[in-house]
Number of protein chains: 2
Amino acid sequence: MKKRNVTINEVARAAGVSISTVSRIINGSAFVAEDKREAVETALKDLGFQPNYLARTLISGKSMSIGVIAEDIVSPYFADVIRGIEHHLLDTDYQPILNSGHWSSPYEQRAIETLIYRKVDAMILLGSTLPDEKLREIGERIPLFVFGRSVPGMEERCLVLDQFKGGYIATRHLIELGHRDIVHVTGPENHQDAQERLRGYQTALEESGLTFNPQLVLHGDFLERTAYMATLKLIESLSSFTAIFAANDQMAAGARLALYRKGLRIPEDVSLVGYDDLPGTAFMSPPLTTVHQPTYDIGQALGRHVLRVLRDEESPMPDFDLTLVVRESTSRLHRGYRV
Amino acid sequence: MKKRNVTINEVARAAGVSISTVSRIINGSAFVAEDKREAVETALKDLGFQPNYLARTLISGKSMSIGVIAEDIVSPYFADVIRGIEHHLLDTDYQPILNSGHWSSPYEQRAIETLIYRKVDAMILLGSTLPDEKLREIGERIPLFVFGRSVPGMEERCLVLDQFKGGYIATRHLIELGHRDIVHVTGPENHQDAQERLRGYQTALEESGLTFNPQLVLHGDFLERTAYMATLKLIESLSSFTAIFAANDQMAAGARLALYRKGLRIPEDVSLVGYDDLPGTAFMSPPLTTVHQPTYDIGQALGRHVLRVLRDEESPMPDFDLTLVVRESTSRLHRGYRV
DNA sequence: TTGTATGCGTTATCAT
DNA sequence: ATGATAACGCATACAA
C-alpha cells in the first residue's frame, strides 16, 4: 500500500536532465529549452510526480497555510466565519488549518502552540479567552489576527463589530413598537460582546426616557437552558413585561420555550428579538426577528485581508455593520395588554 | 518580529555537546550521561528551543496528523463528530487537520489531494460524494476511513449506522400512537442514508398493515426551505394526514413552520418526528421528538480506532446504535381528528 | 540555458 | 555513551 513517492531526482533521470531543470519547470522560476521542457513534462506525468510538501516548506520557510482557531467549531456562529475563510482561501494557494479552543485558555494555548509548531504562516483567532498580554506576546511570534475581541496595542489586527449598536437597534425596535417593559437576557458577564449588547439595551431605554429596571435583566450564558429557566422564573414571579431581547439566538430559543410552556404566544403576547441570525432562525416558528451578523462575509474578508498583509500589501482591516432582520416574532404592543 | 528560530545546533553548541546528543535527549532514544543531560536541558530551556516540525516530519515520514474532511463544517451534525475526534486526539500526539468537501465532488477531491500533499498519516471522510471506485483508489494511497457511507470492498474501513432502523423506529413510534396517515419528508434521492430512512418508513408501514401512499412522501433535500414548501403544498392540497416524519431535524423545522402558518398545532393536530437530534432541538417549541445519532461518541471512537490501526493494533470498527428520543412533538392520535 | 553544490533542521547510521 | 556524517526532498546561488 505504501508506494514509494517519486522524487524530483527520478524525474530528472527519466528526462535526462538535472534536478535543477526539473525544479525550474515545476516552479516556472527560469526559462528552459523547449525540448527539455517537453521531456520533463512527460516524465512528470508518467511518473505521477507530486512535490513533497515538507521538503518544500522546510527550505522555503512558507507553509502556505493559515491557522484558524475557533472557540468552538460546533457553534454555527463561528462555523459560518470559518466557511467564509475557507471559501476565500479556496481560490488561493493557501490552506486553512482548523483547531478548537474549546472555550478554555489552556486548550486554546495548546492549539496555538500546535499551529505555530506546524509553521502556519499566519493565525486567525475566532474569539479568544486568553488575556490581552498573552495575545500581544503571540503577535510577536507570528502574524496574528483576532475576530470578536479588541486587544489594546494591536487594534489594527482586530476585527470587532459594534455590538453596542446591535443591542441598541434591537431594543430600539421593540420600543418603537410601543413596548415599555422589555426584558434582556444577557450573555456571560465577562464576555466583551455581551457587555456591549447590554450597554446598547440600557442606552436605548434611557434615551427613550424609560427607566432601566434591573429586575428585567436576566443573567444568561449564551446557552438555551439558562435562558429557559430564567425566563420561566420571571414569568412565575408575575413580573410584567411584553417583550424580550436575548443576547443571542440560542437564548432566544430558550426563552421562547419558557413562553410556550406558559401558554404565552409570540408575538401576540410577547415580542422576542434574538441576536446572531443563525442559520435556522428564519425557520423558527414564528421566524425570529434578530440582529444579523454578516459572519460569512466577515470570514471571506478576513481571509483576503490576512493574505494581503502576508504579501505586504496595503490593507485596512475590513469593517462590517450589524443590521436588524425583522421577521415575525415581534409586533406592535396591544394597548393595555400585559403579561 | 521574525525571530530566527533556535535550532538543535545552537543548543548543542551552548551545552558543549554534539547535535546527536541533543537529539537523543529530546527523543529519549538512548541513554545519555547525567551531567550532559543536565547541560542540554538547561540550554534547551534557556534558548527556548522548539523542534522544527517540517524537518522532523521530512525525515521520519510521520506527520502526526489526521486529515478530516467533512461535507460541511457548518452542519451541526458533522461538527459534533469533529468535536469527538478532536477531543480524543487531544490526549495524543496527533493533530486533526480539517477541511470541507462542500458537498461537491471536485471540492472534495481537491481537499483530499491537499491533505495527502500535506502528508497526513490517515484520513477520515465524514460523508462523501465521490464514487466508490474513487474512494477505493484513495484507500490504496493512504489509510482511509469513511463515516456515513458504506463502500464495497472496504467495508471494514466504513462506519455506518443503521439508518433503516432509524426510519423504522421513528415511524413505528408514530404508528403506536395510533397514527395511520403518516407523511415522510425524504432527504436527497441519491443519498444513501436518506434512502435507508425511507425504506425504514415504508417497512414499518407495511408491517403494520398500512398501505404505503406515495402521495404522502415529500421529496426534500435536508434543508428547511424545501420541506417547508412541500408541507405547505401538501396541506393546501387537502390531503389528510396526522403525523410527519422528517428525514432530518432541519426539515422538521421547515415542516413545523408550514404547520404553524396554517394554524396547525403540534402535537395536538399533527405529530412531528425529526432525525439527528441536533443540539437545539431539545429547545424547539415544543421540544422535538427525534432519532438520536450519537455523533460525539462516534467521533471519539473513530479517532481512537484510527490511531489503533495506525499502530497496527487489533481494532474492530466500533458500532453504534440509533435511539428514539421522545419529547413533546408527538402525541396519541385524537380519535376522529384529521387535518 | 543548464548543471553542480550547498543548505534547510532534523533523525538515523555509523564509527569510536 | 558520544560524535561525525549521511539522508530526507527540494530550491537556489553559483559556476559553466
Side-chain angles (χ1 to χ4, degrees), chain A residues 2-41 43-44 47-65 93 114 116-121 141, chain B residues 2-41 43-44 47-65 93 95 116-121 141:
Chain A
K2 286 259 160 183
K3 311 180 179 176
R4 249 192 67 2
N5 282 314
V6 349
T7 76
I8 201 175
N9 254 293
E10 306 172 37
V11 176
R13 203 171 328 122
V17 299
S18 76
I19 60 166
S20 351
T21 305
V22 177
S23 175
R24 277 171 195 125
I25 290 179
I26 294 172
N27 300 297
S29 47
F31 287 96
V32 175
E34 199 47 44
D35 55 333
K36 309 217 171 196
R37 146 163 270 116
E38 275 172 23
V40 170
E41 274 169 356
L44 245 28
L47 299 176
F49 172 78
Q50 283 282 106
N52 183 312
Y53 165 74
L54 276 345
R56 210 175 222 191
T57 304
L58 176 58
I59 193 166
S60 73
K62 315 207 138 300
S63 70
M64 304 307 283
S65 53
D93 291 331
T114 306
I116 291 182
Y117 171 59
R118 302 266 167 169
K119 302 290 180 194
V120 295
D121 296 325
R141 297 207 280 153
Chain B
K2 288 258 156 179
K3 308 180 180 178
R4 249 191 66 4
N5 281 314
V6 347
T7 76
I8 200 175
N9 253 294
E10 305 171 37
V11 175
R13 205 174 324 127
V17 299
S18 76
I19 61 168
S20 326
T21 304
V22 177
S23 176
R24 279 177 192 119
I25 291 180
I26 294 172
N27 299 296
S29 48
F31 287 97
V32 174
E34 200 48 46
D35 54 334
K36 308 217 172 193
R37 143 163 272 115
E38 275 172 23
V40 170
E41 273 170 354
L44 245 27
L47 299 177
F49 172 78
Q50 283 283 106
N52 183 312
Y53 165 75
L54 275 346
R56 213 175 219 193
T57 304
L58 176 60
I59 194 163
S60 73
K62 315 209 136 300
S63 70
M64 306 306 283
S65 53
D93 290 329
Q95 161 77 14
I116 291 182
Y117 172 57
R118 302 266 166 165
K119 303 286 180 199
V120 294
D121 296 326
R141 297 207 277 154

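A, B, ... follow the sequence lines: proteins, then strands. Residue 1 opens every chain.
B/R56 has no side-chain polar atom (N or O) that falls below the 4.0 Å cut-off from OP1 or OP2 of C/dG9. Taking 4.0 angstrom as the limit, A/S23 places a side-chain polar atom (N or O) nearer than this to OP1 or OP2 of D/dA11. For D/dA11, the OP1/OP2 oxygens have a side-chain nitrogen or oxygen of A/N27 closer than 4.0 Å. Side-chain N/O atoms of B/K36 include one lying less than 4.0 angstrom from OP1 or OP2 on D/dG3. Checking the phosphate oxygens (OP1, OP2) of D/dG3, a side-chain nitrogen or oxygen of B/S18 falls inside 4.0 Å.
The CG-C1' distance, from A/L54 to D/dC8, rounds to 9 Å in whole Å. Here the C1' atom of nucleotide C/dC8 and the CG atom of B/N52 are 8 Å apart, to the nearest Å. If you measure from atom CD1 of B/I19 to atom P of D/dT5, you get 11 Å, rounded to the nearest angstrom. The interatomic distance linking B/K119 (NZ) with D/dC10 (P) rounds to 8 Å, in whole Å. Spacing between atom OH of B/Y117 and atom P of D/dG9 amounts to 14 Å, rounded to whole angstrom units. The nearest whole Å value for the distance from the CD atom in B/E34 to the C1' atom in D/dT2 is 16 Å. Rounding to whole angstrom units, CD1 of residue A/I8 and P of D/dG9 are separated by 12 Å. One atom, CD1 of A/I25, and another, P of D/dC10, lie 15 Å apart when rounded to the nearest Å.
Within the 3.5 Å criterion, the main-chain N or O of A/R56 finds a donor-acceptor partner in the side chain of A/S60. A/T57 contributes a side-chain N or O that, together with a main-chain N or O of A/Y53, makes up a donor-acceptor pair within less than 3.5 Å.
In terms of position on DNA chain C, the residue among A/L58 and A/T21 whose nearest nucleotide sits closer to the 5' end is A/T21.
The shortest non-hydrogen separation linking A/Y117 to B/N52 is CE1-C, 4.4 Å. Across every non-hydrogen atom of A/I25 and A/K36, the tightest pair is CD1-O, 4.3 Å. The nearest pair of heavy atoms linking A/A14 to A/L47 is CB-CD1, 4.1 Å.
Ranking D/dC10, D/dT2, D/dG3 by closeness to the B/V17 side chain, first place goes to D/dG3. Of all nucleotides listed (D/dA11, C/dT11, D/dC14), D/dC14 comes nearest to the side chain of A/R24.
Residue contacts for B/Y53: at a heavy-atom cut-off of 4.0 Å it reaches no nucleic acid atom on any strand shown.
Counting atom types as modelled, B/S20 pairs a side-chain N or O with a base atom of D/dA4 as donor and acceptor under 3.5 Å.
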